[in-house]
J.: 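Can you read through this structure? Questions will come right after.
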There are 2 protein chains.
Amino acid sequence: MKAPPIDIDRLFHALGDHTRRAILDRLCERPMSVSALAAPLGITLTAVAQHLQILEMSALVHTEKLGRVRTCRIEPAGFTALERWISDHRTVWQQRLDRLGELLAEGGDQH
Amino acid sequence: MKAPPIDIDRLFHALGDHTRRAILDRLCERPMSVSALAAPLGITLTAVAQHLQILEMSALVHTEKLGRVRTCRIEPAGFTALERWISDHRTVWQQRLDRLGELLAEGGDQH
DNA sequence: AGAATACTGAAGTATTTACTTGACAATCAA
DNA sequence: TTGATTGTCAAGTAAATACTTCAGTATTCT
């Protein structure tokens, strides 16, 4: 029941690549084999498999091999971790931005 | 009033670096000069300046030079763009995950 | 069995990245 | 003016990244 902790560095890195985000978008439509994913991408099967490894390490996709075909699907854990990071930081950022606003206001009043 | 559109690729890339996230965290406390930022990071001033350029292009920080000191502070635009990306995708992902659940349930019933 | 399919693994390459060094420019302080 | 502070610019480097090719290995089809 205990999932490995998700590395936020790895997660952002995974999402920082256009091709990997395209893969995620396609997987939102339906689970798919590696070659089905590769078909419209214009890169080799090997390259796609490499991207999938990175996406899997970030808990953004889950893959499972049955017979000779590996089926890939979206996994929510990575996405959830990202949302948690965002919400953790939003509060801090908002606080600090508010404080900055106050400081600027004070500075404006100051003389 | 028209801000340049934020490149999500660039944004994720900016956030995918540990040092850059550390810079952001420090800037949440208060606006700071480049050398103040560099001090605890153990890297050269030049390196920090380079990170700041990347953060600025992603609309995550704003910098302004007055006299010889460049003051850096958090800018909300990049963060807001990230939140928008997340919320846009959350709905799609959730829909697809729900649909996946249905498909699995159907499959389970099927025979 | 033989051929096609679906991937896997190892190794190589071009580009990008995260840094560095060192020389310089501008500003402020004594 | 002299000297220290604060940052910038141009180049260079080592490692990481996003690919590639080529040679396998299972697995399914006929």
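First the proteins, then the strands, lettered A, B, ... as listed; each starts at 1.
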J.: Quick one, give me the B/S/- string for nucleotides 24-30 of chain C, reading 5' to 3', where B means a protein heavy atom under 4.0 Å from the base and S means that only happens at the primed atoms, P, OP1 or OP2.
T.: ---BS--
J.: Give the B/S/- string for nucleotides 15-20 of chain D, one per nucleotide from 5' to 3', where a protein heavy atom under 4.0 Å of the base yields B, of only the sugar-phosphate yields S, and otherwise -.
T.: --SSBB
J.: Measuring only between side-chain heavy atoms, which start at C-beta, is D9(B) closer than 4.5 Å to R21(A)?
T.: yes
J.: Hey, mind stepping through R70(A) and E64(A) against salt bridge (charged side-chain N to carboxylate O under 4.0 Å, His left out) and telling me if it holds?
T.: CA-CA 5 Å; R70(A) 177 176 297 279; E64(A) 200 171 0; over 6 Å; no
J.: Measuring from atom CD1 of I8(B) to atom CZ of R84(B), what distance do you get when rounded to the nearest 0.5 angstrom?
T.: 8.5 Å
J.: Calculate the interatomic distance between E64(A) atom CD and dT8(C) atom P; express it in whole Å.
T.: 13 Å
J.: Is E75(B) close to L60(B) at the side-chain level, that is, under 4.5 Å between some pair of heavy atoms?
T.: no
J.: For DNA chain C, find the residues of residues 55-63 of chain A with a heavy-atom distance under 4.0 Å and give them by number; none if there aren't any.
T.: none
J.: In this structure, how many angstroms lie between the C1' atom of dT8(D) and the NZ atom of K65(B), rounded?
T.: 7 Å
J.: Is the backbone N or O of L27(A) less than 3.5 Å from a side-chain atom of R73(A), with the two atoms forming a donor-acceptor pair by type?
T.: no
J.: Are T71(A) and S33(A) packed together at the side-chain level, in the sense that at least one heavy-atom pair is separated by less than 4.5 angstrom?
T.: no
J.: To the nearest Å, how far apart are D9(B) CG and dT17(C) P?
T.: 10 Å
J.: If I take atom CD in residue Q53(A) and atom P in nucleotide dA10(C), what distance separates them, rounded to the nearest angstrom?
T.: 11 Å
J.: Sub-3.5 Å donor-acceptor pair from the side chain of R20(B) to the main-chain atoms of H13(B), do we have one?
T.: yes
J.: Rounded to the nearest 0.5 Å, how far does CD1 of I23(B) lie from CE of M32(B)?
T.: 10.0 Å
J.: Looking at side-chain heavy atoms only, is the closest gap between W85(A) and L15(B) below 4.5 Å?
T.: yes
J.: So do F12(A) and L82(A) actually touch side chain to side chain, heavy atoms under 4.5 Å?
T.: yes
J.: Do I54(B) and R10(B) come close enough that some side-chain heavy atom pair is under 4.5 Å?
T.: no
J.: Output the rounded distance in Å from CD1 (I23(B)) to C1' (dC19(C)).
T.: 13 Å
